[in-house]
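Let me begin by presenting the structure, written as structure tokens, before commenting on it.
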Amino acid sequence: MDISQILNELGEDREHYFNAVAPPIMQTSNFVFRKVADLGKAFEDEMVGYLYSRGVNPTIDILRKKLAALDGAEDCLVFNNGAAAIFAGIFANIKSGDHIVSVAKPYTWVQRMFDVILPRFNVSVTYIDGETLASWQNATKANTTFYYLESPNSWNYAIQPIEEVAAYAKSKNIITLLDNTYCTPLYQKPIEMGIDMAMQTATKYIGGHSDTLGGVLCGSHAMMKKIFDSEYLNIGSGIQPFNAWLMIRGLRTLTTRIERITQTTEEVVRYMKQHPKVESILFPFDESFPQYALAKKQMKGACGLFTFVLKTRKREEIVKFCESLQHIMMAVSWGGHESLIIPKCAGIKPADFNPDVVEQRYIRMYAGLEDAQYLINDIEQALSKIE
Ligand SMILES: *Cc1c(COP(=O)(O)O)cnc(C)c1O
């Protein structure tokens with residue numbers, strides 16, 4: 001289906017709500033029945049009829065249809081945030097005694113789940129760089145049931161050969177989940193590459209305005225139904241109608257925003273690369289990127305996030321640079337209208353800072369919807385303040 005049709009029409013039965021262009025927010029907890037038999041039917045399968053908004057809700061269903069189509073998936077569940085989507089996708093598919101293979105340094109709360117929560121249930125995790133199929137094969141044990149991928153990673157943009165890993169996993173009955181937040185389905189379609197579950201944080205590009213959280217999990221209908229009947233209903237972490245409505249609104253402008261951000265990112269990266277106070281840049285579509293060829297092969301685009309290292313080896317100078325920015329703000333998250341910066345050293349005590357560990361000098365930037373030159377001017381004046 002054409003992407004314009006997905007974003008503007010799919011799932012929107014406007015004749016059901018006075019032909020309004022924008023869908024209503026079905027702000028209701030429950031739904032009424034006239035016939036006992038109909039109520040009984042709704043009890044049988046909460047995923048098909050409207051019974052109670054912890055399950056399905058008409059506003060959320062519009063969003064589900066659009067997001068499933070964007071990913072080329074049969075079905076989709078939308079959660080209250082990305083962390084919940086990942087948690088449910090993993091938890092529904094593991095049992096005591098299982099082993100997971102995961103890319104190194106997955107998103108913070110995934111790492112927390114693997115290191116703190118899963119050991120309590122006798123589930124172990126092996127971390128690998130994941131850059132070759134062999135690294136997955138070598139880490140796989142007799143009790144491996146799950147592969148966790150994040151491609152690209154949201155700090156160093158490390159990527160995995162998705163099609164090869166997915167095909168191998170299938171041959172071993174191993175379930176795969178890929179965090180696709182960096183690319184969105186516009187630039188990478190994990191389901192079409194053989195991955196079982198494609199996850200993305202709607203908090204980032206889908207919402208696009210830094211005003212709401214959401215998490216997307218796409219896959220086969222059977223997989224989504226399995227998760228819906230257990231973790232989704234039990235944890236009760238589905239997105240709420242108003243937030244779903246904001247996500248639908250975000251989707252209207254998704255392609256336009258991504259196009260603009262792609263262009264701006266390229267311009268800012270080009271500027272940073274030639275600056276004498278910048279030591280290196282990490283960006284998957286830059287020729288210096290170690291996995292540039294694989295990035296070009298499996299991603300349609302790269303945008304928004306990149307990381308740079310300043311030549312200075314002093315923590316105070318990194319701090320001074322970040323605090324000198326006047327328009328680019330310092331905050332976690334990304335994908336909104338506003339450009340952001342976050343230095344890795346914020347999470348490292350000054351006494352522990354070691355400039356020889358290059359990751360400790362990482363500064364991650366997200367280029368938002370401002371003019372490229374406006375951002376470059378801000379970076380330029382901040383760079384002029386440091387040695
Ligand atoms: C932000 C983020 C998440 C978590 O999403 P939330 O909506 O904040 O829970 C997961 N993965 C990646 C790569 C992210 O950037």
Side-chain angles (χ1 to χ4, degrees), residues 60 63 67 71 76-91 102-115 117 127 130 147-160 162 176-188 190 195 197-218 231-232 235-240 242-244 246-247 250-251 258 261 265 282-284 295 299 302-307 330-342 344 346-347 362 364-368:
I60 296 165
L63 180 63
L67 290 170
D71 250 312
C76 164
L77 291 174
V78 191
F79 294 77
N80 213 17
N81 54 65
I86 299 171
F87 193 96
I90 295 172
F91 219 76
S102 168
V103 282
K105 301 194 173 83
Y107 179 69
T108 321
W109 291 96
V110 179
Q111 180 112 33
R112 203 69 69 90
M113 178 191 188
F114 288 165
D115 295 347
I117 300 177
Y127 296 106
Y147 280 176
Y148 185 82
L149 300 85
E150 182 185 335
S151 189
N153 175 282
S154 63
W155 266 95
N156 62 13
Y157 319 107
I159 57 183
Q160 299 102 55
I162 300 172
T176 48
L177 187 155
L178 186 142
D179 184 337
N180 194 36
T181 303
Y182 183 95
C183 279
T184 82
L186 261 50
Y187 283 164
Q188 184 167 271
I195 292 289
M197 286 176 278
M199 176 270 163
Q200 60 169 323
T201 311
T203 310
K204 311 285 164 58
Y205 288 123
I206 304 290
H209 293 75
S210 302
D211 52 13
T212 186
L213 279 75
V216 186
L217 199 62
C218 287
E231 278 68 15
Y232 187 89
I235 303 172
S237 56
I239 194 166
Q240 293 299 296
F242 178 60
N243 290 356
L246 284 173
M247 293 302 175
L251 282 174
I258 293 282
I261 291 166
T265 307
L282 269 176
F283 181 61
M299 292 158 58
C303 69
L305 278 191
F306 63 95
T307 293
M330 191 160 33
V332 297
S333 198
W334 46 280
H337 56 91
E338 78 291 11
S339 290
L340 296 173
I341 208 145
I342 184 164
K344 197 86 182 177
Y362 277 1
R364 189 182 76 181
M365 175 162 171
Y366 164 69

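Whatever order the structure lists ligands and atoms in, that order sets their numbers, starting from 1. Residue numbers run from 1 in the order of the sequence given.
Other residues, nucleotides and ligands place more than 12 heavy atoms under 6.0 Å from the CH2 atom of W155.
Residue contacts with ligand 1, taken as heavy atom pairs separated by less than 4.0 Å, do not involve Y182 at all.
Under the 6.0 Å cut-off for aromatic ring centres, F114 and Y148 qualify, their centroids lying closer than that.
Annotation for ligand 1: atoms under 4.0 Å from non-hydrogen atoms of W334 are 15 (O). Here is the list of ligand 1 atoms found below 4.0 Å of a heavy atom in N81: 7 (O), 9 (O).
Considering CD1 of I60 and CD1 of I239, their distance stands at 7.0 Å, rounded to 0.5 Å.
The protein non-hydrogen atom at the shortest distance from atom 9 (O) of ligand 1 is A83 N, 2.8 Å. Looking at atom 12 (C) of ligand 1, its nearest protein heavy atom turns out to be D179 OD2, 3.4 Å. Atom 6 (P) of ligand 1 has its closest protein heavy atom at G82 N, 3.3 Å. Of the protein's heavy atoms, T201 OG1, 3.1 Å lies nearest to atom 3 (C) of ligand 1. Scanning the protein for heavy atoms near atom 8 (O) of ligand 1, the closest one is Y107 OH, 3.8 Å.
Checked options L178, N180, L177; the residue passing with M197 is L177 (criterion: side chain to side chain contact (heavy atoms under 4.5 Å, CB included)).
The N/O atoms of S154, backbone and side chain alike, include none that comes under 3.5 Å of an N/O atom in ligand 1.
Side-chain atoms of E150 never come within 3.5 Å of backbone atoms of V103 as a donor-acceptor pair (strictly under, hydrogens ignored). A distance-only check finds a donor-acceptor pair linking the side chain of T265 to the backbone of G304 [under 3.5 Å].
Across the listed options M199, K204, Q200, E150, K204 owns the non-hydrogen atom lying nearest to atom 14 (C) of ligand 1.
Checked by atom type, the side-chain pair Y157/T307 shows a donor-acceptor distance below 3.5 Å.
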